[in-house]
Amino acid sequence: MGTIHLGCIADDFTGATDLANNLVRGGMRVVQTMGVPRGPLAADVDAVVIALKSRTIAAADAAAQSVQALHWLQAQGARQFYFKYCSTFDSTPAGNIGPVTDALMDALGTDFTIACPAFPENGRTVFKGYLFAGDVLLQESGMRSHPLTPMTDSNLVRVLQQQTARRVGLVDYSVVRRGADAIRQRMAQLRGEGVQMVIVDAMDNADLMALGLALADLPRVTAGSGVAIGLPQNYGVRPGQGASCLPSARGARAIVSGSCSVATNGQVADFRQRGGPAFAIDPLRLIEGADLVQEALAWAGPRLGAEPVLIYATAEPDAVRAVQAQVGAERAGGIVEAALSAIARGLVERGAGQLIVAGGETAGACVQALEVDRMRIGPQIAPGVPWCHAQSPFAAAQGVHLALKSGNFGSADFFTRAFALLQPPASP
């Protein structure tokens with residue numbers, strides 16, 4: 001096994017592929033694992049991304065899982081470490097970004113790190129410490145009504161300071177625009193003043209490239225996936241096609257969607273408007289005991305083929321809140337995830353070899369149901385979303401292609417466009 005330059009820990013499964021995608025774009029060979037591997041890594045890669053399902057669990061549990069992942073990465077010889085969270089800084093005053101960052105800093109014995117969720121290609125920018133989603137402040141976007149982590153404050157210094165006893169500061173755009181040396185100097189100044197975490201502004205990819213150079217000697221980074229755009233240049237790799245090659249795609253095409261984000265609601269609507277076959281999962285019927293897993297699979301069976309089918313629990317925020325009001329957010333989410341993950345496994349067992357999963361929590365549940373323990377990262381479908389390839393005991397011998405899409409990512413026609421990017425097997 002060669003040198004692992006970068007060891008990454010992601011707090012959900014779609015976020016992990018989002019990060020891995022940006023590293024592959026920069027020319028790095030990347031393997032993503034589902035949870036902490038039991039043994040050493042056999043593959044010759046430049047980076048490893050460990051996908052956890054820790055974004056919304058208890059902060060102490062998230063910290064413990066993240067430190068376990070860190071120890072495994074250290075044992076593999078990783079030289080730099082990256083804690084990845086969502087580009088919308090999904091968290092609550094109790095965590096989990098601050099507590100996990102604290103735990104990882106303690107485990108590494110480091111007293112300084114940066115925090116930057118910026119991903120300009122997906123409309124996430126940070127200016128004067130405020131996070132924007134597109135043209136509006138985060139608190140004015142659809143994230144304000146997120147069912148699990150509603151974001152009602154766009155000031156990241158203030159948000160992060162609520163989650164940690166360490167002092168939080170800011171490297172603002174007036175510094176970032178002057179380049180890597182200026183960023184390094186400002187970080188050193190703030191560190192000397194007792195600041196241990198700094199939010200860093202970024203408005204475009206040029207800012208991320210400058211930030212990446214400035215982070216070359218920092219052992220520990222916390223960020224969304226955007227910062228990964230600037231890191232490969234530090235490791236002597238360059239963009240190229242070889243890093244993203246996957247086997248040819250086979251099998252039927254299917255989509256499982258559990259995200260209730262504004263973007264995914266639009267993608268479901270677009271697919272249906274184009275005449276795509278779709279089956280809706282009603283959470284209230286699930287709660288009442290209806291066997292919607294078998295209903296959905298019976299519906300999908302005769303429709304599986306070259307044209308994709310969609311099974312979705314995606315709904316508008318008001319509908320989600322109505323269900324949560326009856327049984328509680330955690331129970332409602334768990335019931336839906338369990339059903340969608342069983343459906344995903346059933347689809348693969350019935351011949352689906354190309355599967356899109358929308359929603360971070362849904363993706364985590366589906367990958368676990370498929371008993372996938374690692375994936376090769378392939379070509380980008382949209383910023384932050386690549387196709388991946390994995391083996392599963394429920395798939396045919398050639399494995400299954402997976403696209404794990406964060407709820408907030410992708411254009412309205414994402415479901416339709418994604419399948420067109422997969423290379424079919426060559427004709428005999």
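If you're wondering where the values come from, they're calculated on a predicted model, not measured in any experiment.
- Met203 is not listed as a side-chain neighbour of Pro120, based on a closest heavy-atom distance of 4.5 Å or more.
- Environment of CZ in Arg79: sparse, with no more than 12 heavy atoms of neighbouring residues, nucleotides or ligands closer than 6.0 Å.
- Side-chain contact of Gln163 with Ser91: a donor-acceptor pair under 3.5 Å is present, judged by distance alone.
- Asn408 and Ser406 are not linked by any side-chain donor-acceptor pair at a separation below 3.5 angstrom, with hydrogens and angles left out of the test.
- With hydrogens and angles disregarded, a donor-acceptor distance shorter than 3.5 Å links the side chain of Asn122 to the backbone of Pro383.
- Under the 3.5 Å distance criterion, the side-chain polar atoms of Gln185 are left unmatched by any main-chain donor or acceptor of Ala188.
- Here the OG1 atom belonging to Thr362 is positioned 5.5 Å from the CD atom belonging to Glu337, to the nearest 0.5 angstrom.
- For the residue pair Gln196 / Arg167, no side-chain donor-acceptor distance below 3.5 Å is found, with atom types taken as modelled.
- Side-chain atoms of Asn22 never come within 3.5 Å of backbone atoms of Ala228 as a donor-acceptor pair (strictly under, hydrogens ignored).
- Residues Met197 and Met105 form a side-chain contact, since some pair of their non-hydrogen atoms from C-beta on lies under 4.5 Å apart.
- Side-chain contact of Gln189 with Arg186: a donor-acceptor pair under 3.5 Å is present, judged by distance alone.
- In this structure, the ring-ring contact (aromatic ring centres under 6.0 Å, His included) partners of Phe89, at least two apart in sequence or on a different chain, are Tyr85.
- In this structure, the separation between CZ on Phe83 and SG on Cys8 is 12.0 Å, given to the nearest 0.5 Å.
- Ionic pairing of Asp207 and Arg177 is not present here: no N-O contact between side-chain nitrogen and carboxylate oxygen is shorter than 4.0 angstrom.
- Considering all non-hydrogen atoms of both residues, Ala352 and Ala254 come closest at CB-CB, 4.3 Å.
- Listed for the Ser154 side chain is a donor-acceptor partner under 3.5 Å among the backbone atoms of Gln139.
- Atom CD1 of residue Ile381 and atom CG of residue Leu421 lie 6.5 Å apart, to the nearest 0.5 angstrom.
- Between Pro239 and Arg25 the shortest heavy-atom distance is CB-O, 3.4 Å.
- Side chains of Ser54 and Gln65: a donor-acceptor N/O pair is absent below 3.5 angstrom, by distance only.
- The backbone N or O of Gly15 lies less than 3.5 Å from a partner atom in the side chain of Asp12, making a donor-acceptor pair.
- Checked by atom type, the side-chain pair Ser257/Thr314 shows a donor-acceptor distance below 3.5 Å.
- Applying the ring-ring contact (aromatic ring centres under 6.0 Å, His included) rule to His389 yields the partners His401; only residues at least two apart in sequence or on another chain are considered.
- In terms of heavy atoms, Ala365 sits closest to Ser341 at O-CB, 3.3 Å.
- At a cut-off of 3.5 Å, with distance as the only test, a side-chain donor of Arg272 or Tyr312 sits close to an acceptor on the other residue.
- Between Thr56 and Asn96, the shortest heavy-atom distance links the atoms N-ND2, 4.2 Å.
- The salt bridge (charged side-chain N to carboxylate O under 4.0 Å, His left out) contacts involving residues 92-102 comprise Asp102-Arg166, where partners must be two or more places apart or lie in separate chains.
- Within the 4.5 Å cutoff, the side chain of Ile287 has heavy atoms near those of the Ile335 side chain.
- A heavy-atom distance below 4.5 Å is found between the side chains of Leu304 and Leu347.
- Remark: of the listed residues Asp172, Asn155, Val168, Val168 is the sole one forming a side-chain contact (heavy atoms from CB on, under 4.5 Å) with Ile199.
- By the 4.5 Å heavy-atom criterion applied to side chains, Gln368 and Phe13 are counted as neighbours.
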Verdict with supporting geometry, Leu6 and Tyr235, side chain to side chain contact (heavy atoms under 4.5 Å, CB included) = CA-CA 9 Å; Leu6 186 65; Tyr235 310 129; 3.5 Å; yes

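- Between the side chain of Thr222 and the main chain of Ile114, a donor-acceptor pair closer than 3.5 Å is present.
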Give the intermediate values and the outcome of side chain to side chain contact (heavy atoms under 4.5 Å, CB included) for residues Tyr82 and Arg220.
-> CA-CA 6 Å; Tyr82 193 129; Arg220 166 78 163 63; over 6 Å; no

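- Applying the ring-ring contact (aromatic ring centres under 6.0 Å, His included) test to Phe394 and every residue at least two apart in sequence or in another chain returns nothing.
- The shortest distance between side-chain heavy atoms of Val309 and Ile255 does not fall below 4.5 Å.
- For the 3.5 Å distance criterion, the side chains of Thr264 and Lys405 qualify, holding a donor opposite an acceptor.
- For the residue pair Gln76 and Ile4, the shortest heavy atom distance occurs at CB-CD1, 3.7 Å.
- For the atom pair CG (Leu52) and CD1 (Ile50), the distance works out to 7.0 Å, reported to the nearest 0.5 Å.
- With hydrogens and angles disregarded, no donor-acceptor distance shorter than 3.5 Å links the side chain of Gln233 to the backbone of Gly212.
- Put simply, SG on Cys116 and CG on Leu208 are 6.0 Å apart, with the number rounded to the nearest 0.5 Å.
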Take Leu156 and Val126 through the side chain to side chain contact (heavy atoms under 4.5 Å, CB included) test and state the conclusion after the steps.
-> CA-CA 9 Å; Leu156 298 185; Val126 183; 4.1 Å; yes

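- With Arg350 contributing its side chain and Gly346 its backbone, the two residues share a donor-acceptor pair below 3.5 Å.
- A donor-acceptor contact shorter than 3.5 Å is absent between the side chain of Asp153 and the backbone of Val159.
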Do Phe132 and Arg124 pass the side chain to side chain contact (heavy atoms under 4.5 Å, CB included) test, and can you show the C-alpha distance, the side-chain angles, and the key distance before you say yes or no?
-> CA-CA 6 Å; Phe132 287 78; Arg124 313 292 187 261; over 6 Å; no

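- The pair Lys53-Glu361 meets the salt-bridge criterion, since a charged nitrogen lies less than 4.0 angstrom from a carboxylate oxygen.
- Looking at residues two or more places apart in sequence or on another chain, you find no ring-ring contact (aromatic ring centres under 6.0 Å, His included) involving Tyr130.
- Note that CG of Asp217 is 8.5 Å distant from CD of Gln80, once rounded to the nearest 0.5 Å.
- Side-chain contact between Val30 and Val49: present, with at least one pair of heavy atoms (C-beta onward) separated by less than 4.5 Å.
- Side-chain atoms of Asp201 come within 3.5 Å of backbone atoms of Tyr173 as a donor-acceptor pair (strictly under, hydrogens ignored).
- Phe415 and Phe271 have perpendicular rings, their planes meeting at more than 60° on a 0 to 90° scale where under 30° would count as parallel.
- With sequence neighbours excluded, no residue forms a side-chain hydrogen bond (donor to acceptor under 3.5 Å, both in side chains) with Thr101.
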